[in-house]
Amino acid sequence: QVQLVESGGGLVQTGGSLRLSCVASGGTFSNYAMGWFRQGPGKEREFVGAISRRVDGTWYEDSVKGRFTISRDDAKNTVYLQMNSLKPDDTAVYYCAAGRTGPWYIPRFANEFDYWGQGTQVTVSS
């Protein structure tokens, strides 16, 4: 059983930056592709981006491309989401997720992920 704990959320002004972290425990981190999802007020959960197990292949939802960057540090069992140029529409609870996949595959759908964190709130003020 893998446990995921997110941190780094908070309140930031439009145009600001935040870096979210997600620490995994209870499994072999390098066996999992990692993803980030978000759920804004009154909205359904949506995919933000993901990173493969190896070669650090990444995939991003269109609205965050060029602004958000996902990276991972397998030595620290941690995945990061660097968020720049934040907008009010980015306000949401952000969740990290782990999916046991092939080494180069980048999952993009919620049902491809096996474990989820509790989420961290990001609020962007206008």
Side-chain angles (χ1 to χ4, degrees):
Q1 187 79 5
V2 174
Q3 292 83 43
L4 303 173
V5 179
E6 303 97 334
S7 63
L11 174 64
V12 65
Q13 291 185 332
T14 296
S17 298
L18 283 174
R19 187 176 81 156
L20 306 184
S21 300
C22 172
V23 179
S25 61
T28 302
F29 186 69
S30 59
N31 286 344
Y32 295 89
M34 301 298 296
W36 288 94
F37 289 75
R38 66 185 180 185
Q39 187 166 15
K43 299 179 181 179
E44 294 188 354
R45 182 175 56 186
E46 66 173 353
F47 173 78
V48 173
I51 187 166
S52 62
R53 289 173 51 196
R54 298 187 184 177
V55 193
D56 288 354
T58 55
W59 187 277
Y60 299 95
E61 191 267 331
D62 285 347
S63 69
V64 307
K65 282 180 182 177
R67 300 189 298 123
F68 291 10
T69 303
I70 296 174
S71 60
R72 63 187 295 158
D73 185 338
D74 286 0
K76 296 182 178 179
N77 290 353
T78 302
V79 63
Y80 303 97
L81 179 65
Q82 177 67 43
M83 304 186 294
N84 299 327
S85 302
L86 283 162
K87 307 174 182 178
D89 281 349
D90 295 318
T91 295
V93 177
Y94 283 72
Y95 301 91
C96 75
R100 188 157 187 144
T101 67
W104 298 282
Y105 183 71
I106 306 171
R108 285 172 282 162
F109 301 99
N111 61 7
E112 297 182 293
F113 292 89
D114 304 295
Y115 302 100
W116 295 80
Q118 294 297 308
T120 185
Q121 176 71 46
V122 172
T123 303
V124 184
S125 64
S126 57

Point to revise | Ser17 and Asn84 side chains, donor-acceptor separation under 3.5 Å | key: yes
If we only count heavy atoms from C-beta on, is the [X] to [Y] side-chain gap below 4.5 Å?
| X | Y | result |
| --- | --- | --- |
| Arg100 | Tyr115 | no |
| Val12 | Ser125 | no |
| Val122 | Leu18 | yes |
| Met83 | Leu20 | yes |
| Tyr80 | Ile51 | no |
| Arg38 | Val64 | yes |
| Val79 | Ile70 | yes |

Exercise for review: For residues Tyr32 and Phe113, establish whether the separation of their ring centroids is below 6.0 Å.
Suggested key: no
Review point. Would a line drawn from the ring center of Phe47 to the ring center of Trp36 be shorter than 6.0 Å?
Key: no
Exercise for review: Check the surroundings of atom CH2 in Trp59: do more than 12 heavy atoms from other residues, nucleotides or ligands lie under 6.0 Å from it?
Suggested key: no
Exercise for review: Count the heavy atoms belonging to other residues, nucleotides or ligands that lie under 6.0 Å from CD of Gln118, then report whether that count exceeds 12.
Suggested key: no
Review point. Between Asp90 and Arg67, is the closest basic N to carboxylate O distance under 4.0 Å?
Key: yes
